[in-house]
Amino acid sequence: MRIAAYITPKSFTNPTGQAKHAINMLLCLARRPDIELTLLAAKDQLTGDGRIPEGSPLHGMPLRSIPLPARVLHFLWRTYNWPPVDRWWGQVDWVYSPTEMYVPARNARIAATIHCVNWFEKELPWANTDENLQTRRRMAKVFRPIIHHADLICTVSEFLKGRICELLGANPSRIAVVSNGVEEAFFAEGHQGVASAKPDSEPYILSVGALESRKGAEHLIALARHLAHAAPYLKLVVGAGRYGNPKFISEAGQMPNVLLNGYLGGDELPRLIKGARALVILSRYETFGIPVIEAMAVGTPVIAARFAALPEIVGGAGIVVDATQPAEVLTALLALNDVEQRAHYRRLGFQRVQQFTWEACASRLLASMKEAAHE
C-alpha cells in the first residue's frame with residue numbers, strides 16, 4: 001500500500017498528545033515492509049534545504065515539500081478543497097493526516113484524524129467562555145471538510161467516536177478507532193522490575209498535564225489540600241505543571257506539598273512515572289489519556305476520573321473515582337499503601353497495556369484503510 005502522510009514538523013517539538021500520535025504512527029508505518037510511505041510538508045515547516053530537522057525522529061524519511069506556507073495551504077484546503085496534493089508526488093492509494101487536518105486529493109482516498117471535540121460540548125464548565133466560543137468557530141472550519149470529504153475518519157477512543165457522531169454529524173461507518181500507544185521506553189522501564197527501582201526518600205504521586213480546568217487543576221489542588229492533612233509524607237508532583245492557567249499555577253506553587261515540573265521528555269518521564277506511588281489523572285475531558293497507559297507500561301497503579309474516555313481506557317486495570325470528591329480520591333490513594341494492592345493493579349496494568357502498542361495502532365489503521373477501500 002502506498003501512503004502519503006501530511007505533517008507539520010514544527011508542531012512536533014516537545015511532543016505530547018497529537019504530536020506523539022503522529023510521530024509514532026508514522027514510524028510504525030515506515031517500518032512495515034508492505035507500506036511505501038512518503039511524508040509531505042509545507043516549505044516553512046522544513047529547514048532551509050527542505051529537510052525535517054535532524055533532531056526529529058522523522059528525520060531522513062522520504063519527503064516531498066509543498067511550495068506554499070502552511071498557513072496559506074491550510075486555509076485553501078479547508079475553504080476551497082484545493083489544491084489537491086496529487087501534483088506533488090506520484091500515484092498513492094491513501095493521503096493520510098495523523099493530525100486534525102483535511103488534505104484534498106483527486107486520485108487517492110483520504111484519511112484524517114480527529115483527536116478532540118471538547119470545544120463543541122455544551123455542558124462543560126468552560127463551554128461558554130469567549131476563548132472557547134472563538135476556538136469552537138475555528139475548529140468547526142477545521143472539522144467540516146474532514147466530516148464531509150474524508151473517506152476514513154480516524155480517532156482514539158469509542159467515547160470520542162460517539163461524540164464526533166453526535167456533535168459533528170459524522171457517519172459512524174466511516175470512523176475507525178485506532179487508539180493511542182506507548183513508546184518502547186516505557187515498556188523497557190517496566191521490564192526492569194520493581195526491585196530495581198531505588199527507594200524514594202520522599203514518596204510522591206504524579207499527575208501529568210498543564211494546570212488548567214480541562215486537565216482537572218481544581219481537583220488536583222483540592223486533593224493536595226487533603227494530602228497535606230491526611231498524608232503529609234506524600235508529595236504531589238505535576239509534570240508540565242508550569243504550564244496552564246496562571247491562577248492555578250500560582251496557587252499550586254505556594255503549596256509546600258506540590259512540586260511543579262516543566263516539559264518532561266526522553267527517559268525522564270518513564271522514570272518519573274515508575275517512581276510514583278500512583279499516577280493520578282483527574283481531567284475533566286480526556287478523549288484518551290496517554291499517561292494512563294504509560295503508567296500501566298511501567299507498572300505504576302492508575303487512579304483516574306470518571307469523566308469522558310478515562311473509564312474506557314483504564315478498563316478494569318485501575319481505580320476510577322469521582323474527581324470532584326477529594327476525599328474519595330484520597331481513600332483510593334491510601335489503599336495503595338498496601339503492597340499487595342499495588343502489586344494487584346500493577347499486574348492488571350501490564351495485561352491491559354498490551355493492546356496499546358503503537359504497532360497495534362498502526363495495524364488497526366491499515367485494516368480500516370483496507371476495509372474502506374473495498375466498500
Side-chain angles (χ1 to χ4, degrees), residues 14 16-18 20 115-136 159 204-232 234-265 269 272-273 276-292 294-295 300 302-311 313-314 318-333:
N14 295 340
T16 59
Q18 287 195 37
K20 275 192 175 186
H115 291 270
C116 191
V117 293
N118 86 88
W119 313 281
F120 300 90
E121 301 280 4
K122 301 296 178 63
E123 305 301 323
L124 293 174
W126 57 87
N128 294 314
T129 63
D130 290 341
E131 180 183 4
N132 189 71
L133 292 173
Q134 182 179 357
T135 306
R136 183 187 301 170
F159 166 82
Y204 64 93
I205 60 172
L206 178 68
S207 180
V208 179
L211 279 175
E212 57 188 20
S213 288
R214 188 171 74 86
K215 295 293 186 179
E218 301 97 326
H219 309 318
L220 282 173
I221 290 171
L223 174 61
R225 291 197 186 99
H226 276 65
L227 283 172
H229 295 288
L234 202 54
K235 299 285 187 183
L236 170 61
V237 177
V238 186
R242 296 177 192 166
Y243 306 98
N245 186 314
K247 173 182 176 294
F248 294 136
I249 296 170
S250 175
E251 189 174 355
Q254 296 174 36
M255 304 179 76
N257 63 336
V258 177
L259 176 64
L260 304 182
N261 282 347
Y263 173 78
L264 301 169
L269 184 57
L272 188 65
I273 297 179
R277 179 68 55 87
L279 176 87
V280 179
I281 180 165
L282 303 182
S283 294
R284 180 64 183 81
Y285 199 89
E286 292 285 347
T287 55
F288 188 88
I290 290 179
V292 168
E294 290 174 339
T300 295
V302 174
I303 297 175
R306 194 177 288 111
F307 286 135
L310 289 174
I313 304 307
V314 171
I319 304 173
V320 177
V321 295
D322 183 348
T324 67
Q325 300 298 318
E328 181 178 332
V329 183
L330 180 63
T331 298
L333 275 170

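Hydrogens, waters and symmetry mates are skipped; everything else that's a heavy atom, side chains included, is used. Residue numbers start at 1 and run along the sequence shown. Predicted model, so just to flag it, every value in this text is computed and none were measured.
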A side-chain contact here means heavy atoms from C-beta on lying under 4.5 Å apart; do [X] and [Y] qualify?
X: Ile281; Y: Val314; answer: no
X: Asn118; Y: Asn132; answer: yes
X: Leu206; Y: Thr300; answer: no
X: Pro125; Y: Arg284; answer: yes
X: Ile205; Y: Ile303; answer: no
X: His219; Y: Phe307; answer: yes

With a 3.5 Å cut-off and sequence neighbours excluded, list the donor-acceptor pairs that the side chains of residues 252-262 form with protein atoms.
residue, atom, partner, partner atom, Å
Gln254, NE2, Ser250, O, 3.4
Gln254, NE2, Ser250, OG, 3.2
Asn257, ND2, Ala224, O, 2.9

Ring pair (Phe, Tyr, Trp, His ring centres under 6.0 Å) partners of Phe159, counting only residues at least two apart: Tyr285

Tyr243: ring pair (Phe, Tyr, Trp, His ring centres under 6.0 Å) partners, not counting sequence neighbours: none

Of Leu282, Val320, Thr324, the residue whose pairing with Arg306 passes side chain to side chain contact (heavy atoms under 4.5 Å, CB included): Val320

From [X] [atom1] over to [Y] [atom2], what is the distance, rounded to the nearest 0.5 angstrom?
X: Glu328; Y: His226; atom1: CD; atom2: NE2; result: 11.5 Å
X: Glu251; Y: Leu220; atom1: CD; atom2: CG; result: 11.5 Å
X: Trp119; Y: Thr129; atom1: CH2; atom2: OG1; result: 13.0 Å
X: Glu212; Y: Glu218; atom1: CD; atom2: CD; result: 10.0 Å

Of the non-hydrogen atoms in [X] and [Y], which two are nearest, and what is the gap between them?
X: Leu223; Y: Leu330; answer: CD1-N, 4.2 Å
X: Ala228; Y: Pro232; answer: O-CB, 3.6 Å
X: Gly209; Y: Val238; answer: O-CG1, 3.7 Å
X: Pro311; Y: Ala305; answer: CD-O, 3.9 Å
X: Gly289; Y: Leu310; answer: CA-CD2, 4.3 Å

Set of residues satisfying side-chain contact (heavy atoms from CB on, under 4.5 Å) with respect to Asn245, sequence neighbours excluded: Lys247, Phe248

Contacts of type side-chain hydrogen bond (donor to acceptor under 3.5 Å, both in side chains), residue Arg242, not counting sequence neighbours: none

Any residue meeting side-chain hydrogen bond (donor to acceptor under 3.5 Å, both in side chains) with Ser283, in chain and number order, not counting sequence neighbours: Glu286

Carboxylate-amine/guanidinium contact Lys20 Glu294, below 4.0 Å: yes

Leu236 and Val280: CA distance, side-chain angles, deciding distance, side chain to side chain contact (heavy atoms under 4.5 Å, CB included) verdict: CA-CA 9 Å; Leu236 170 61; Val280 179; 5.6 Å; no

Arg277 side chain vs Lys235 backbone, donor-acceptor pair below 3.5 Å: no

